[in-house]
Amino acid sequence: MKNFTTLLFLFISITYINAQCLQVAGDFGNNLNVPMYNIEGDVSITLNTDNTITLDLGANFMTAAGPDIRAFLVNPGILTDAQLVNIPIGSLENFQFGLVGSDTVNQNGAKSFTVPVPNGIDISQYNKIFFYCLQFDQFWDFGTFEAFSDTNCGILSVEDQLLESITFSPNPAQEIITINNPQLAPVSISIFNTLGQKSVALRDVQNTSQTLDISSLSSGLYIIEMTLGAQRTMQKLIKQ
């Protein structure tokens, strides 16, 4: 039971890691002309597997009131922080999360915004969260986070994307499962039982479609582990 508990914990952990990528924004306090506009509190960015991105403002989020404060994700390009302060948001490569505060919306406190990542952009070039009063074209403040890349975000890893394309069916299954590998990725596949023991192992499966005989396995819950390079993913399999 201990081995299975460890395996189940590993399955949950890997599923969570592959589900999303999170970065915390910092280095706020860039509005030297109007310091009360500067941002305080927790700000984080999450890249999701469904090609959306989420901005979360913590319960301790605070800034001065304004008529139309909005949040933007910005690609600074070659511009320095000192230059960014003086450039209108409309002149920067950006996309908007939404309204943070207005005459009728309290700007302080917890909020969450999820928007699609626009087509054709390179998300790895975006590392600034801008807060801006759009109505008066007034810079508010910005913070910086580590841009998402294939080294800190599995979603952007080529290997991870290849793993995501691999499926198996049916599930539940009785005797045969079919592994679908449309990208012909050299994936290794292992099936573990509830004791954490490896029941089946295949290496470098590169066929578009390959069947796997599981008729000798006892009925119950199994974990299918798929490994490609440094990336791996796990899925549950029910043997009837």
Here the side chain to side chain donor-acceptor pair (under 3.5 Å) pairs for residues 86-104, sequence neighbours left out, are Arg70-Gln96, Asn75-Glu93, Glu93-Tyr126, Ser102-Thr104
Taking atom types as modelled and ignoring hydrogens, do the side chains of Ser219 and Lys239 form a donor-acceptor contact shorter than 3.5 angstrom?
-> no
Legend entry - Any side-chain heavy-atom pair of Ser44 and Phe145 under 4.5 Å: no
One should read off an interatomic distance between Phe142 CZ and Asn30 CG, to the nearest 0.5 angstrom, of 4.0 Å
Across all chains, not counting sequence neighbours, the side chain to side chain donor-acceptor pair (under 3.5 Å) partners of Thr178 are none
Requested in this report: Please answer whether the main-chain N or O of Thr63 pairs with a side-chain N or O of Asn108 as donor and acceptor at a distance below 3.5 Å.
Outcome: yes
Heavy atoms of other groups near Glu40 CD, more than 12 under 6.0 Å: no
Using atom types as modelled and distance alone, determine if a side-chain donor or acceptor of Asn31 lies under 3.5 Å from a backbone N or O of Phe139.
yes
Requested in this report: Please tell me if the side chains of Thr46 and Ile53 come closer than 4.5 Å, counting only heavy atoms from C-beta onward.
Outcome: no
Contacts of Gln240 meeting side chain to side chain contact (heavy atoms under 4.5 Å, CB included) (sequence neighbours excluded), chain-then-number -> Pro172, Gln174
| Distance-only polar pair, side chains of Asn127 and Thr144, donor-acceptor under 3.5 Å | no
Next on the checklist: For Lys236, is there any backbone N or O sitting under 3.5 Å from a side-chain donor or acceptor partner on Asn171?
Outcome noted: yes
Are the side chains of Val100 and Phe113 in touch, meaning some heavy atoms are under 4.5 Å apart? yes
